[in-house]
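Structure record follows, encoded as structure tokens.
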Amino acid sequence: MFSFIHRMEPSRRRLLLTCFFAFFCNGLVSLMLGSAMPDLKRSWGLSDSFSGVLLSAHSIGNLIAGFVSGIVPFYLGRRRSVMLLASMAYVGMALMAVTGLPGVLFTAFVLTGIGRGSVSNFNNHTVNVLSDGNPAAANILHACFAVGAIIAPIAFLVLSRIISWQAGLFFVAVCGAVAVFLFSRTT
């Protein structure tokens, strides 16, 4: 099942593994939003209605990603575009931790959607190309997302008890920064 990984040249293998790690980070982003929402509401004094608007803003960002993630590489190149678009999710997570200004929070949630959607589009395409359409590669990619999604609420709970609720958001931002750095070295 994993023989396609061993047959790859080292640079392609590094890119594939980076895609797996970035999808793990995407899983963290996806479920960290729900885990952090009660603390965001309490700390920043958000209403239930505005909290729903924020979650919708994430979906708006994901929709925007569907349009821009295919166009931006024509102007910036693949490496710069994936770094720029992926970093948006992690900048958004950090913004949520430091401010409760409604406009900034709305923007932060849109950024998380753009980043998450762009990484999803890029990774699905890249893994398919790198593996010559091997379904095992796509399954591993999505399993990495699932592992991140499972870890996110647990990491948030542990970090919020030990440090603060913002620590969970910063944890995702740091993981994302590592993914962006790895993309800068491989794509």
Side-chain angles (χ1 to χ4, degrees), residues 15-40 51-73 76 78-99 104-128 137-156 159 165-184 186-187:
L15 179 56
L16 181 73
L17 296 175
T18 297
C19 287
F20 291 165
F21 179 71
F23 233 54
F24 166 80
C25 294
N26 250 13
L28 289 173
V29 168
S30 187
L31 263 72
M32 191 63 71
L33 295 176
S35 298
M37 188 54 74
D39 289 298
L40 282 167
S51 299
V53 167
L54 291 177
L55 292 175
S56 295
H58 176 77
S59 296
I60 290 167
N62 199 10
L63 177 66
I64 292 168
F67 295 109
V68 301
S69 64
I71 296 170
V72 174
L76 298 179
R78 187 171 70 159
R79 178 183 305 189
R80 280 191 235 145
S81 64
V82 73
M83 289 172 55
L84 171 68
L85 295 171
S87 66
M88 289 184 180
Y90 312 114
V91 168
M93 296 300 278
L95 283 173
M96 289 175 210
V98 298
T99 184
V104 176
L105 282 175
F106 185 86
T107 302
F109 273 80
V110 170
L111 289 175
T112 62
I114 292 171
R116 193 175 75 84
S118 296
V119 167
S120 182
N121 294 340
F122 174 78
N123 283 0
N124 277 298
H125 175 266
T126 302
V127 167
N128 189 44
N139 289 337
I140 294 168
L141 179 69
H142 291 95
C144 290
F145 180 93
V147 171
I150 290 168
I151 289 174
I154 297 166
F156 184 80
L159 290 169
W165 67 269
Q166 289 100 333
L169 298 175
F170 284 123
F171 168 70
V172 175
V174 168
C175 287
V178 171
V180 169
F181 173 76
L182 292 173
F183 275 132
S184 77
T186 58
T187 57

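The shown structure was predicted, so the numbers you read here are calculated from the model rather than taken from an experiment. Below, all heavy atoms of this structure are taken into account, side chains as well, without hydrogens, waters or symmetry copies.
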**Report entry** Inter-residue atom distance F106.CZ - L95.CG, 0.5 Å rounding
**Finding:** 14.0 Å
Requested in this report: Could you check if a side-chain atom of N124 sits within less than 4.5 angstrom of a side-chain atom of H142, using non-hydrogen atoms only?
Outcome: yes
Query - Spacing of M96 atom CE and L54 atom CG [to the nearest 0.5 Å] - result: 8.0 Å
Query raised in the report: How about L76 and M83: do any of their side-chain heavy atoms sit closer than 4.5 Å?
Result: no
Query raised in the report: Where is the tightest heavy-atom contact between G176 and C25, given as atom of each residue plus distance?
Result: N-SG, 4.2 Å
Query - Atom pair SG (C175) and OH (Y90), whose distance is rounded to the nearest 0.5 Å - result: 8.5 Å
Query raised in the report: With a 4.5 Å heavy-atom cut-off, do S120 and N26 have their side chains touching?
Result: yes
Report task. Check I154 against I150 and note the closest heavy-atom contact, atom names and distance. Result -> CD1-O, 3.6 Å
Requested in this report: Measure the CZ-CE distance between F109 and M37 for me, rounded to the nearest 0.5 Å.
Outcome: 3.5 Å
Query raised in the report: Are V127 and L16 close enough that some pair of their side-chain heavy atoms sits under 4.5 Å apart?
Result: yes
Query raised in the report: Hey, mind stepping through Q166 and L159 against side-chain contact (heavy atoms from CB on, under 4.5 Å) and telling me if it holds?
Result: CA-CA 8 Å; Q166 289 100 333; L159 290 169; over 6 Å; no
Query raised in the report: At what distance, to the nearest 0.5 angstrom, does CD1 of I151 lie from CG of L31?
Result: 11.5 Å
Query - Heavy-atom closest pair, residues G27 and A152 - result: O-CB, 4.3 Å
Query - Test item: S118 side-chain N/O and G115 main-chain N/O as donor-acceptor pair under 3.5 Å - result: no
Query - Candidate pair C19 and F183, rule side-chain contact (heavy atoms from CB on, under 4.5 Å), full reasoning - result: CA-CA 8 Å; C19 287; F183 275 132; 4.3 Å; yes
**Report entry** Any side-chain heavy-atom pair of F21 and V178 under 4.5 Å
**Finding:** yes
Query raised in the report: So, do V172 and F156 sit near enough that their side-chain heavy atoms are less than 4.5 Å apart?
Result: no
Report summary line: Here the pair of heavy atoms bringing A22 nearest to N123 is CB-ND2, 3.6 Å
Report task. Looking only at non-hydrogen atoms, find the nearest pair between V119 and F23 and report the distance. Result -> O-CE1, 4.2 Å
Query raised in the report: What distance do I114 atom CD1 and H58 atom NE2 have between them, rounded to the nearest 0.5 Å?
Result: 10.5 Å
**Report entry** Minimum-distance pair of heavy atoms, taken over all atoms of V29 and A89
**Finding:** CG2-CB, 4.4 Å
Report task. Kindly indicate whether the side chain of M32, heavy atoms from C-beta on, has any atom under 4.5 Å from the side chain of L169. Result -> yes
